[in-house]
Amino acid sequence: MRQSSLFTKTRKDAPKDEVSKNAQLLIRAGYIHKEMAGVYSYLPLGLHVQENIKRIVREEMSAIRGQELIMTALQRKELWESTGRWDDSVVDVWFKSELKAGGEVGFGWSHEEPIGEMMKNYLASYKDLPVSVYQFQTKLRNEMRAKSGIMRGREFIMKDMYSFAADEATHLAYYESTKPAYMNVFKRLGIGDDTFITFAAGGAFTKFSHEFQTVCEAGEDIVYLNREKGIAINEEVLTDETLESLGVTREELTKTATAEVGNIFNFGQQKATDLGLTIKDAEGKSIPVWMGSYGIGITRLIGVLVEKFSDEKGIVWPEAVAPFLVHLVALNTDDANVRDFADGMYESLKKRGVSVLYDDRDARGGEKFADSDLLGMPYRVIISKRAQEEGQFEVVTRKTGEVQKLNEETLLGFFTTDEDD
Ligand code: ATP
Ligand code: MG
């Protein structure tokens with residue numbers, strides 16, 4: 001993409017009321033726009049990042065036979081009443097509204113009830129199972145605190161998946177299979193080494209649920225962590241009983257600030273019992289379905305990546321999520337030769353399938369470099385009059401600052417080999 005055609009511009013300062021680093025950097029770089037506290041629009045560059053994350057999540061969910069769908073934002077009051085979760089004293093994040101035609105609706109803060117209800121139409125027998133469905137949905141939650149930028153939104157994108165099984169063994173096996181699938185996602189996003197499967201509060205059916213907690217200063221959670229043993233316990237369940245059942249001592253664990261990037265929840269047959277979602281088993285007996293739910297905070301992840309991968313100059317995107325792999329920065333563009341050459345380089349890289357943001361603007365070098373640092377593409381290629389004359393082009397790695405000088409041919413091949421890392 002040509003930067004001259006990008007409508008967003010970088011800015012020196014973030015809005016005064018924006019206190020979180022992730023939102024400050026993303027706003028300054030033009031990835032997001034703040035509508036109000038906890039509510040952010042995703043601009044073209046931000047949408048690229050979002051889509052890159054979704055693609056990775058999609059691949060990993062398909063690999064455990066997840067089928068993608070999309071549910072509605074408007075939800076029926078009566079359905080949530082039937083499970084006792086319509087009342088604000090039970091669920092404190094509801095946004096609700098009234099229909100002009102009469103009746104109340106809620107805005108989806110979760111889709112457990114609607115998905116379970118919808119499935120009644122398709123699941124009749126054990127032969128219809130197992131099934132796993134997922135979606136990328138904008139969730140609406142009337143959160144009290146919204147101080148962590150995009151890490152805690154009142155409107156945010158979640159990947160939520162729901163599994164349905166006819167027997168406990170199949171159900172538990174599926175629940176377990178989501179753990180490596182989730183870890184694959186986090187590895188591919190570059191936070192695998194810092195993300196831990198964490199024991200957290202369970203529900204009616206299980207003692208614990210599992211959260212995926214990423215070490216992050218700006219996170220809102222506290223976990224007690226032992227990296228070597230790979231054990232993490234959310235402080236909300238840190239009791240002597242928990243320590244004993246997991247075979248660790250308090251001394252072995254380090255109190256650590258983290259952000260919850262995902263969680264998985266085993267409902268057993270409880271949820272289906274509440275919903276009246278039953279099937280006929282092999283003996284023709286009616287039984288409630290075994291269910292699990294599995295969330296990933298897509299937009300929270302973007303915030304976590306920015307918090308973890310940024311420096312005083314700006315964002316440092318991991319390759320897997322960067323909106324473009326290469327930032328091609330052309331200097332001396334008033335010289336027609338240089339401009340033609342840079343245009344040619346842009347076309348050649350694109351032809352090879354390299355994703356490129358091409359800074360073809362008429363601006364000073366200093367400004368272009370500062371913008372490039374702020375935007376944070378993994379590699380910067382500099383085209384200047386001198387570089388063109390010498391036939392040597394600088395490739396700067398954003399993460400390390402390493403500078404390599406390559407000739408035209410090597411440069412063109414440089415990104416195609418690394419491309420699908
Ligand atoms: P939290 O404990 O952070 O409030 P939660 O336990 O309510 O989250 P779920 O409702 O299970 O989370 O949502 C699944 C995932 O969605 C979470 O693991 C988190 O990554 C993300 N998420 C939850 N609430 C928000 C929010 N307000 N803004 C952005 N992401 C969120
Ligand atoms: Mg939580």
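Start at 1 with the first residue, then count along the sequence. In listed order, ligands and their atoms are each counted from 1.
- Taking a cutoff of 4.0 Å between a charged side-chain nitrogen and a carboxylate oxygen, Glu241 and Lys207 qualify as a salt bridge.
- The heavy atom nearest to atom 31 (C) of ligand 1, considering only Trp109, Phe265, Phe156, Phe212, is found in Phe156.
- Ligand 1 has at least one atom lying under 4.0 Å from a heavy atom of Met151.
- Note: Tyr175 and His210 have tilted aromatic rings, judged against thresholds of 30 and 60 degrees for the angle between ring planes.
- Evaluated for a ring-ring contact (aromatic ring centres under 6.0 Å, His included) with Trp317, the options Phe324, Phe309, Tyr31 yield exactly one hit, Tyr31.
- Ion pairing between Asp240 and Arg250 fails under the 4.0 Å rule for side-chain N and carboxylate O.
- If you look at Thr299 next to ligand 1, there are no close heavy atoms at all, none under 4.0 Å.
- In this comparison of Glu220, Arg145, Glu260, the heavy atom closest to atom 17 (C) of ligand 1 sits on Glu260.
- Nearest to atom 1 (P) of ligand 1 by heavy-atom distance, out of Arg152, Glu112, Glu211, Glu143, is Arg152.
- Close approach to Gly153 involves these atoms of ligand 1, each under 4.0 Å from a residue heavy atom: 26 (C), 27 (N), 28 (N), 29 (C).
- Under 4.0 Å from ligand 1, the heavy atoms of Arg141 that appear belong solely to its side chain.
- Exactly one of Trp86, Phe107, Trp94 qualifies for a ring-ring contact (aromatic ring centres under 6.0 Å, His included) with Trp80. That residue is Trp94.
- Not one N or O of Gly295 is nearer than 3.5 Å to an N or O of ligand 1, by distance alone.
- Within the structure, salt bridge (charged side-chain N to carboxylate O under 4.0 Å, His left out) contacts touching residues 194-203 (residues at least two apart or in different chains) are Asp194-Arg227, Asp194-Lys308.
- At least one N or O atom of Arg300, backbone or side chain, sits closer than 3.5 Å to an N or O atom of ligand 1.
- Comment: Lys96 engages Asp88 in a salt bridge, judged by a side-chain N to carboxylate O separation of less than 4.0 angstrom.
- For ligand 1 and Val261, the ligand atoms under 4.0 Å from any heavy atom of the residue are 18 (O), 20 (O).
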